[in-house]
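Note on naming: letters A, B, ... go to the chains in the order of the sequence lines (proteins, then strands), and numbering restarts at 1 for each one.
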Amino acid sequence: MPYEVQTPVFEGPFDLLLHLILREQVDLYEVSLSRIVDAYLQEIERMEVLDLEITTEFLLIAATLVELKCKRLLPEDTDVDIDDEFALWEERDLLIARLLDCKTFKDAAGVISTLFDAAALSAPRTAGLEERFMELAPDLLEGVDLDDIRNAYIRATIPKPRPVVSIEHIHSIRISVTDAVEELIDELPRLGRVTFRRLTGTLVERLEIVVRFLAVLELFKQGFVELDQPAAFGDIEIIWLGSPAMAVADLSDIDSYEG
Amino acid sequence: MSAESRRALEAIIMVTDSPLEAQMLAQLTEQSLSEVESQLAELAAEFAEQGRGFQLAHVAGGWRFQSHPDMAPYVERFVLEGQSAKLSAAALETLAIVAYKQPLSRAQIAAIRGVSVDSVVRTLEQRGYIGEVARDPGPGQAVLFGTTPLFLERLGINSLADLPSVAEFVPGADVVEALEQGLRVDAGGPVETPAAVDDSRPALTELLDGDGPA
Amino acid sequence: MSAESRRALEAIIMVTDSPLEAQMLAQLTEQSLSEVESQLAELAAEFAEQGRGFQLAHVAGGWRFQSHPDMAPYVERFVLEGQSAKLSAAALETLAIVAYKQPLSRAQIAAIRGVSVDSVVRTLEQRGYIGEVARDPGPGQAVLFGTTPLFLERLGINSLADLPSVAEFVPGADVVEALEQGLRVDAGGPVETPAAVDDSRPALTELLDGDGPA
């Protein structure tokens with residue numbers, strides 16, 4: 001299965017590279033390099049003003065990646081210029097240093113986020129001066145400008161978040177995989193070939209979709225259907241293999257799920 | 001008294017910027033009114049006994065922390081020497097609401113701010129930043145407040161039209177309701193701009209669209 | 001400590017609406033800075049010991065009263081009002097870079113993050129967490145950003161020195177190794193040791209012992 005690089009999920013090329021190497025443990029050899037380079041180019045396009053320095057750095061990184069990959073794809077050239085070899089190592093080390101820098105601040109951001117959350121548990125006293133002291137001041141609007149008035153108005157009238165108790169989960173549905181299998185055995189022979197998305201298009205509850213998915217897997221296990229998923233997270237195609245007359249194996253041990 | 005409810009009262013009163021009614025405190029700490037009232041009295045006595053520089057005081061129908069009168073010389077010095085001679089966040093917000101939504105009654109301001117605003121409105125009136133601009137035509141004939149020429153002068157603008165636009169900002173449903181409430185109770189029908197109101201002030205009907213001064 | 005100066009400190013801090021510096025408190029109560037500082041610390045400990053629902057806290061270089069974190073469920077109604085939406089991961093990372101590397105320019109932030117940061121920087125500026133602290137003396141005179149006192153206040157810390165050292169976040173040897181492994185200089189064919197291999201490059205030597213791409 002080709003490795004899908006979902007660029008929009010990532011915060012730029014460093015984030016992408018870090019993710020690929022550290023979390024997915026993908027060997028650079030297996031990654032479609034063009035996608036990473038695409039991500040770099042997209043990033044350059046997205047820049048409001050073309051910053052020559054950043055652009056150059058991006059190109060350098062992309063070039064390093066291309067070179068690293070080439071080295072690993074091509075049979076070794078015995079006449080390697082040792083200076084070129086060193087230059088590549090240097091570029092690689094630079095890239096690693098940049099990735100480490102990026103990772104460092106990712107982790108630091110986590111701590112800052114934790115501090116924000118902890119501090120939000122305390123509310124500061126902002127009541128200010130009591131009226132009787134107000135008279136001492138010649139002009140209380142000293143230093144207040146129009147934006148302060150506007151911001152104060154927005155602060156005072158902003159929609160206030162209200163704690164809402166969700167009752168969605170209380171509504172319970174009860175469906176069994178057995179029922180879903182029976183429905184599919186009725187439906188699939190007529191359709192012959194259908195995508196999972198179409199099959200679940202009318203369902204609203206996530207649990208119903210999950211149960212239907214389990215039913216499809218059950219049919220797959222028993223050889224009634226063939227499944228095809230051309231891309232990761234892509235739509236699954238279900239192809240009916242059996243005939244309507246075929247007996248369904250014992251389904252009594254299939255669980256039912258309660259939501 | 002339970003330590004939990006005592007601590008809760010202390011915390012809530014510490015962070016609110018206007019006096020809070022005992023009824024509201026009872027609701028927030030899930031206790032009866034009489035329980036809360038006796039806790040508040042006990043707490044006020046405790047701070048007095050400890051000789052604190054602040055008091056838990058019962059003012060304007062509500063409870064708040066305030067500096068102890070004995071310490072007034074220090075607070076005065078702070079006002080004169082320090083950078084404190086400015087409106088509190090609560091007062092500034094109230095002033096901003098009056099500026100953008102005038103004319104409106106004290107009850108409408110309180111409904112928008114969610115707390116009693118009597119002392120803040122009094123301060124703003126005393127300082128000459130807001131004043132009575134009309135009377136509600138309805139039964140109660142409530143005073144309707146608006147900003148004064150002094151307010152414009154201090155901000156360095158000629159008219160309310162010079163206030164930055166808040167047209168793109170949508171106020172919360174509670175704000176819209178607070179303003180509607182005033183209309184329903186007071187007039188019960190289509191509202192006309194009170195005669196005494198300066199034409200430059202937006203009519204209440206305009207205000208309901210959520211816009212600031214045109 | 002003298003009861004008078006303690007009471008004065010309590011009264012003054014009660015009426016300020018943002019953290020007040022110890023220096024200012026020393027001036028107002030006519031004491032030395034060190035005297036005031038030890039009084040404030042003592043007072044903060046006293047409120048903690050008494051199990052109050054509020055704290056005397058040292059944040060953003062000053063002192064203020066604030067609700068005790070334990071009481072968050074009760075003050076949520078008031079806390080929520082001033083609270084704005086959470087920062088995105090991108091904004092937090094950018095904020096971390098500014099906090100640890102300040103002062104630095106927008107281009108320097110972008111170089112570390114590997115992406116353009118214009119909109120994120122704008123958001124952080126609007127929130128008041130970062131601001132212009134200097135200008136680059138070089139050509140172009142780029143704006144150099146740093147964090148603001150509000151940032152410290154929202155983080156509940158007294159100064160940047162209270163942030164954990166950046167050394168704590170520097171990735172460990174395992175991460176370095178994983179990166180070197182992921183970006184190893186590898187050749188397709190049967191590998192022979194190049195004559196001039198530097199021993200200090202562990203990934204490469206490792207590589208040479210091991211296998212090429214499958």
Practice problem: Assert yes or no for the condition that the ring centre distance of F78(B) to F133(A) is strictly below 6.0 Å. | Solution: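 Centroid separation for F78(B) and F133(A): 6.0 Å or greater.
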Side chain, backbone, both or neither: which part of [X] has an atom under 4.5 Å from a heavy atom of chain A?
X: I109(B); value: neither
X: T94(B); value: neither
X: L95(B); value: side chain
X: F65(B); value: both
X: A11(B); value: neither

Practice problem: Mind telling me whether Y153(A) and Y100(B) have parallel, tilted or perpendicular rings, with 30° and 60° as the class edges? | Solution: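 Ring orientation of Y100(B) relative to Y153(A): tilted.
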Quiz item: Short question: side chain of T148(B), backbone of G128(B) - any donor-acceptor pair under 3.5 Å?
Solution: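 Answer holds: yes.
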Quiz prompt | Contact leader toward chain A among R64(B), R122(B), Q126(B), where contacts are heavy-atom pairs under 4.5 Å | solution =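 Counting heavy-atom pairs under 4.5 Å, the top option is R64(B).
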Quiz prompt | Electrostatic pair R212(A)-E187(A), nearest N-O below 4.0 angstrom | solution =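 Judged by the 4.0 Å cut-off on N to carboxylate O distance, R212(A) and E187(A) do form a salt bridge.
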Self-check item: Nearest-0.5 Å distance, CD of residue E132(B) to CD1 of residue I130(B)
Solution: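 Those atoms lie 11.0 Å apart.
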